[in-house]
2 protein chains.
Amino acid sequence: MARALDQLITALQRLPGVGVKSASRMAYHLLQNDPLGAGQLAQALMRATAEVRHCRLCHTFTETDVCDTCADPQRDGGLLCVVETPADQAALERTGIYRGRYFVLMGKLSPLGGIGPQEIGLDKLLERLAGEVAEPVREVVLATSFTAEGEATAHVIGQLVRSQGIRVTRLARGVPVGSELEYVDLGTIAHAYADRR
Amino acid sequence: MARALDQLITALQRLPGVGVKSASRMAYHLLQNDPLGAGQLAQALMRATAEVRHCRLCHTFTETDVCDTCADPQRDGGLLCVVETPADQAALERTGIYRGRYFVLMGKLSPLGGIGPQEIGLDKLLERLAGEVAEPVREVVLATSFTAEGEATAHVIGQLVRSQGIRVTRLARGVPVGSELEYVDLGTIAHAYADRR
């Protein structure tokens, strides 16, 4: 087989969730049907790796010093929502209910995966809470995912924030809208019962 | 969101089977955890689109005028196996049972998808059968897939080859090795019965 093709198939396997079969299918498709798309992808990769960096305030991806959300003067700087990824932030934004600022961890604590407090930018978060780089924060909303690692991350950050004398809240756990109780797992029902209102 | 990041997410959706969610996950992963991999992927894409072309004889991907399989003097040039993709060719090669040459369609007939005889290189196949560019062919083995489109492609090519007075065979349909009859679909059992030996 062509060596350049082999290299492309190997390189495509750096993408998450892509094994050798999908990578081959992708490579054949690009070379056979979409060489233009291959060129665009190469350009986009180079541009993004060169230009995208982290927002000085919230740690998310941006091309400027401070991201659009952090630069928006309409937002309530006293509310800080901690999320794992830009995708989680986007999901919250789509609800339209939250008008505060964000801190994006770009991951979650995972001792086995070698992701510690440094990797998720807890030092930056502390600076932010100290009120030196932006408005003082009066409440931190923990919106990490409800998995073991997400809960552990929320726990660590919660302690950190409380030690600064700042109020901490966590997104409510409960029965998802539209579900029938019969099909909801027991842990969720137990939480929904305990947090009933 | 950063514009370069948006462009990368859009470009990643050119890959088959990748929607906006997977594309975002891929982009975040590359930028956050594997910028080196992103650079390698960009390089591999550019190199492959620049250097990979089609073999003059069998139509598969190669970086030279004629691919390794076609250039191998040990192979029986009188046997020509028609497959849809380089992946199908690789699967056949792994069995080690076939020692003839190949013709790779790089697709299959799909009138609705705009893929006609020209796109799968039937003119090249005809040239090859005429014995002008390589050894004369005495048997064509049709190894396109056993789907509706693959069968239609095999049918069209079979007629073409027969019209040249060359023998045509098709891979046998039957019960896969290791299957229990109970779980095999009826069409396969019917074919296995009709072709019993």
Side-chain angles (χ1 to χ4, degrees), chain A residues 1-18 21-55 60-64 67-69 85-87 89-90 106-107 115 119, chain B residues 1-18 21-55 60-64 67-69 85-87 89-90 106-107 115 119:
Chain A
M1 197 192 291
R3 234 159 51 84
L5 182 60
D6 258 347
Q7 286 182 348
L8 177 57
I9 293 174
T10 307
L12 281 165
Q13 290 176 62
R14 304 288 281 255
L15 297 171
V18 176
K21 288 222 169 176
S22 327
S24 307
R25 201 159 48 94
M26 287 171 173
Y28 298 153
H29 170 78
L30 287 178
L31 291 176
Q32 185 66 19
N33 309 319
D34 196 10
L36 200 75
Q40 284 179 0
L41 181 52
Q43 294 298 329
L45 280 164
M46 285 190 298
R47 203 186 138 197
T49 42
E51 296 182 8
V52 174
R53 46 197 161 139
H54 291 122
C55 170
T60 195
F61 291 125
T62 173
E63 275 162 86
T64 45
C67 75
D68 292 350
T69 314
T85 64
Q89 178 182 2
M106 308 302 280
I115 298 183
E119 279 71 26
Chain B
M1 200 192 291
R3 233 159 50 86
L5 182 61
D6 258 348
Q7 285 181 349
L8 177 57
I9 293 174
T10 307
L12 281 165
Q13 289 176 62
R14 303 288 281 254
L15 296 171
V18 175
K21 287 219 172 180
S22 326
S24 307
R25 201 160 49 94
M26 289 170 172
Y28 297 153
H29 171 78
L30 286 179
L31 291 175
Q32 184 68 19
N33 307 320
D34 196 11
L36 201 75
Q40 284 179 0
L41 181 52
Q43 293 298 327
L45 281 164
M46 285 190 298
R47 206 190 134 193
T49 42
E51 296 181 10
V52 175
R53 45 196 161 141
H54 291 124
C55 170
T60 194
F61 291 125
T62 174
E63 275 162 84
T64 45
C67 75
D68 292 349
T69 314
T85 63
Q89 179 183 1
M106 308 302 280
I115 299 184
E119 279 72 24

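A note on names: the letters A, B, ... follow the listed sequences, proteins ahead of strands, and every chain is numbered from 1.
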Looking only at A:Ala11, A:Gly37, A:Pro16, most heavy-atom pairs under 4.5 Å shared with chain B are made by A:Pro16
* Can you find a heavy atom in the side chain of A:Leu45 that is under 4.5 Å from one in the side chain of B:Leu45? -> yes
Find out whether B:Gln32 and A:His54 are in side-chain contact, i.e. whether some heavy atom of one side chain is under 4.5 Å from a heavy atom of the other.
yes
Under 4.5 Å to a heavy atom of chain B? For A:Leu30 that would be side chain
Okay, B:Ser24 and chain A: the region with an atom under 4.5 Å from a heavy atom over there is neither
The reported gap from OH in B:Tyr28 to OG1 in A:Thr85 (rounded to nearest 0.5 angstrom) is 6.5 Å
In short, B:Leu41 meets A:Leu12 closest at the heavy-atom pair CD1-CD2, 3.7 Å
Distance col, row B:Gln40:CD vs A:Gln7:CD, nearest 0.5 angstrom, shows 9.0 Å
Ranking B:Thr69, B:Thr49, B:Asn33, B:Asp34 by heavy-atom pairs under 4.5 Å to chain A gives rank one to B:Asp34
Chain B shares the most heavy-atom pairs under 4.5 Å, among A:Val18, A:Leu36, A:Leu15, with A:Leu15
Residues A:Met26 and B:Met26: closest non-hydrogen pair is CE-CE, 4.4 Å
Separation between CD (B:Gln43) and CG (A:Leu8), nearest 0.5 Å, reads 12.0 Å
Any donor-acceptor pair under 3.5 Å from B:Glu63 side chain to A:Ala4 backbone = yes
